[in-house]
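Model, not experiment: these values are computed from the prediction.
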Amino acid sequence: MAYESIRGLLARESAGGRATVQGWLRTVRHAKELSFLEVSDGSCLSGIQVVANPETRGFEDVVRHLTTGSAIAVEGALVDSPGKSQEKGQRFEVHAAEVELVGAAGSDYPLQKKRHSFEFLRTIAHLRPRTNTLGAVLRIRNAASMAIHEFFQHEGFFYLHSPIVTASDAEGAGEMFRVTTLPLDALPKTEDGRIDEAADFFGRPAFLTVSGQLEAEIGALALSRVYTFGPTFRAENSNTARHLAEFWMVEPEVAFCDLDGLAELAERFLKFVFAKVLDRCPEDMAFFAERIEPKAIERMRTVIEQPFLRLPYREAIAILERSGETFEFPVGFGRDLQSEHERWLTEKHVGRPVVVTDWPASIKAFYMYRNDDRETVAAMDVLVGGVGELIGGSQREHRLDRLEATIRGQGLDPAAYWWYLDLRRYGSVPHAGFGLGFERLVQFITGMANIRDVIPFPRTPGQAEF
RNA sequence: UCCCCGGUAGCUCAGCUGGUAGAGCAGGCGGCUGUUAACCGCCUUGUCGCAGGUUCGAGUCCUGCCCGGGGAGCCA
């Protein structure tokens with residue numbers, strides 16, 4: 001028997017005709033001669049109401065004993081709901097000719113037909129996709145992912161698969177996870193008693209990637225425009241609502257591009273992705289606006305409709321110093337902007353997204369392009385209301401002598417960056433790129449407060465179940 | 001890693017200044033109604049996070065540990 005998705009059923013022009021549904025029971029209501037089954041299959045937020053009566057095959061032996069969480073298959077007719085139900089927004093329902101139990105769920109099924117705390121749901125990550133909120137999050141993740149690919153494909157970018165395992169601790173972006181096949185209880189030692197790393201799988205220390213950027217630069221200096229979109233790992237012991245040990249990152253890299261071009265790209269990118277998500281997930285977005293974050297839709301519209309403000313770091317600091325606000329953390333040239341500063345700037349002072357450019361070299365990474373003032377680098381942070389920094393990027397230092405000097409100046413060994421420096425030796429061109437934490441993007445879209453609730457299987461310190 | 005808060009039934013939570021554990025939901029039985037977090041009646045459910053300590057007596061007070069959450073730092 002061919003089954004139709006509930007999304008498909010609800011999208012029909014009109015009632016009438018055969019309807020087949022398979023899914024999981026959200027709740028059951030029994031009356032004397034009738035049973036009402038709320039069935040959901042995850043194809044959309046809405047479930048569909050199935051009505052069974054004594055004529056329904058399986059009424060006595062199946063329907064009357066159904067419990068929340070059970071999987072069932074229904075065959076029947078799609079009909080218009082009665083007038084009163086229509087007022088509640090329920091257009092169609094299925095009058096069941098037959099209800100079949102596919103997989104029962106016992107009375108210990110943890111998901112009740114009521115609110116659960118997100119904290120509890122995290123402990124049952126194998127069942128939480130069946131909830132309204134997580135289901136909506138997963139559909140939004142899907143739509144946003146596809147929109148990201150669409151955007152870059154339309155703009156002539158190539159999807160580059162950067163490696164997960166890397167031997168370079170190049171970027172200093174954070175603590176790394178070691179990847180090894182060495183036996184931890186009997187490490188091979190060299191003659192002087194140190195761990196024999198040459199005996200390891202790759203013949204040298206290896207780690208999970210903290211960024212695909214350096215490899216993306218290789219791609220950009222061959223294909224001109226590339227992007228990566230893959231998992232990224234940070235072994236930081238940070239336990240906050242904004243950090244994961246494993247998350248997904250989007251990193252476009254563009255050859256023959258400066259910071260201005262990059263800021264324009266970032267702006268087009270965010271506007272495109274948000275517009276697609278709003279267009280394709282209206283039901284899920286209405287849910288988030290109603291139940292999670294009232295401003296979820298409004299603030300995406302702000303990003304889509306308002307031009308971003310370009311603001312050099314130096315001016316941002318001056319504005320903050322003159323603001324008269326009392327901040328918890330000090331403001332001053334050479335200090336990073338704190339979340340409270342970012343949010344005040346974009347939410348209170350400007351009221352639309354802000355791109356802060358040209359940051360002090362002292363607080364930014366070695367690979368960023370040194371501006372003519374010698375004091376700042378061509379870096380940018382895109383700040384949006386609600387979450388602060390959504391995108392961080394920079395024009396890269398493409399001048400060999402400058403890059404080598406900075407690497408040495410930071411006490412790093414140029415030999416370790418030989419291939420990265422080679423890119424500056426052979427046909428170097430100005431290029432730029434940015435990084436976007438995908439889960440933070442989904443947090444902004446949905447308004448979900450905790451990053452662990454916007455990824456199906458969160459990894460955090462001490463947590464890797466499921 | 002630091003600061004703060006918390007851990008009581010399958011879930012959400014109550015339990016005041018110590019006196020021996022409760023409500024709603026879920027589940028079972030019955031009733032009722034085209035029901036919508038349905039409703040009404042009855043019934044079942046607990047190593048009160050773990051280990052010590054104080055006390056005649058600890059869910060309640062003290063200490064340590066484990067786990068979770070919020071905030072901070074690091075960052076995406």
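Contacts of Thr123(A) with the nucleic acid, taken as non-hydrogen atoms under 4.0 Å apart, are absent. Glu33(A) comes within contact range of no nucleotide atom at all, as no heavy-atom separation falls under 4.0 Å. When heavy atoms are screened at a 4.0 angstrom cut-off, Phe120(A) is found touching the sugar-phosphate backbone but no base atom. Backbone-only contact: Arg452(A) has heavy atoms under 4.0 Å from sugar-phosphate atoms and none from a base. The residue Ser117(A) sits close only to the backbone: its heavy atoms come under 4.0 Å of sugar-phosphate atoms, none of a base. Using a 4.0 Å heavy-atom criterion, one finds that Arg242(A) contacts the bases of the nucleic acid, with or without backbone contacts as well. Using a 4.0 Å heavy-atom distance criterion, Gln90(A) is classed as a base contact. Among the atoms of the strands shown, none is found under 4.0 Å from any heavy atom of Ile391(A).
C3(B) sits 29 Å from G15(B) when the C1' atoms are compared, rounded to a whole Å. Taking atom C1' on both nucleotides, G28(B) is separated from G34(B) by 25 Å, rounded to a whole Å. A gap of 23 Å separates the P atoms of G10(B) and G6(B), to the nearest Å. With both ends at atom P, the span from G7(B) to A14(B) equals 8 Å, rounded to whole Å. Annotation: C42(B) and U35(B) have their P atoms spaced 25 Å apart (nearest Å). A distance of about 46 Å separates the C1' atoms of A38(B) and A72(B), rounded to the whole Å. U17(B) sits 13 Å from U60(B) when the P atoms are compared, rounded to a whole Å. The separation of U8(B) from C2(B), taken at their P atoms, amounts to 25 Å, rounded to a whole angstrom.
Whole-Å rounding puts the Trp248(A) CH2 to C75(B) P distance at 24 Å. Taking atom CZ on Phe118(A) and atom P on G70(B), their separation rounds to 11 Å, with Å as the unit. With rounding to whole Å, Arg29(A) atom CZ is found 14 Å from G34(B) atom P. Straight-line distance from the CD1 atom of Ile451(A) to the P atom of G69(B): 13 Å, rounded to whole Å. What separates NE2 of His341(A) from P of G73(B) is a distance of 10 Å, to the nearest Å. At whole-Å resolution of the value, NE2 in His30(A) and P in G31(B) are 13 Å apart. Look at CG on Asn239(A): it is 14 Å from C1' on C4(B), rounded to the nearest Å. Phe247(A) places its CZ atom 12 Å from the P atom of C75(B), with the value rounded to the nearest Å.
Checking C42(B) for Watson-Crick or G-U wobble geometry (two distances, each under 3.5 Å) identifies G28(B) as its partner. Pair assignment for G19(B) gives C56(B), based on Watson-Crick or G-U wobble hydrogen-bonding distances that are each under 3.5 Å. U1(B): Watson-Crick or G-U partner is A72(B), with both key distances under 3.5 Å. Using Watson-Crick or G-U wobble geometry with both donor-acceptor distances under 3.5 Å, G64(B) finds its partner in C50(B). Base pairing annotation: U35(B) forms no Watson-Crick or G-U wobble pair, as no partner gives both donor-acceptor distances under 3.5 Å.
Heavy atoms from other residues, nucleotides or ligands lying under 6.0 Å from CZ of Arg64(A) number more than 12. Counting heavy atoms of neighbouring residues, nucleotides and ligands inside a 6.0 Å radius, atom CH2 of Trp24(A) does not exceed 12 of them.
Among the nucleotides C75(B), U35(B), A38(B), the one closest to the side chain of Thr27(A) is A38(B). The side chain of Glu93(A) approaches U35(B) more closely than any other nucleotide in the set U35(B), G27(B), G69(B). Comparing G73(B), G68(B), G69(B) by their nearest atom to the side chain of Arg122(A) picks out G69(B).
Here NE2 of His341(A) is found 13.5 Å from CD1 of Ile319(A). Values are rounded to the nearest 0.5 Å.
Taking the six-membered ring for Trp and thresholds of 30 and 60 degrees, Tyr227(A) and Phe157(A) have ring planes more than 60 degrees apart, a perpendicular arrangement.
A salt bridge links Glu4(A) to Arg12(A): one of the charged nitrogens lies within less than 4.0 Å of a carboxylate oxygen. Salt-bridge check for Glu155(A) with Arg268(A): passed, with a basic side-chain N closer than 4.0 Å to an acidic carboxylate O.
Counted by atom type alone, Glu283(A) and Ser46(A) present one or more donor-acceptor pairs between their side chains at under 3.5 Å. Donor-acceptor pairing under 3.5 Å is recorded for the side chains of Glu217(A) and Gln213(A).
Counting distance only, with no hydrogens placed and no angle test, the side-chain atoms of His95(A) and the base atoms of G34(B) include a donor-acceptor pair under 3.5 Å.
Nearest-nucleotide mapping onto RNA chain B: of Leu34(A) and Val28(A), the residue sitting toward the 5' end is Leu34(A). Mapping Glu342(A) and Ser81(A) onto RNA chain B by nearest heavy atom places Ser81(A) closer to the 5' end of the strand.
The side chain of Gln338(A) contributes an N or O atom lying less than 4.0 Å from OP1 or OP2 of G73(B).
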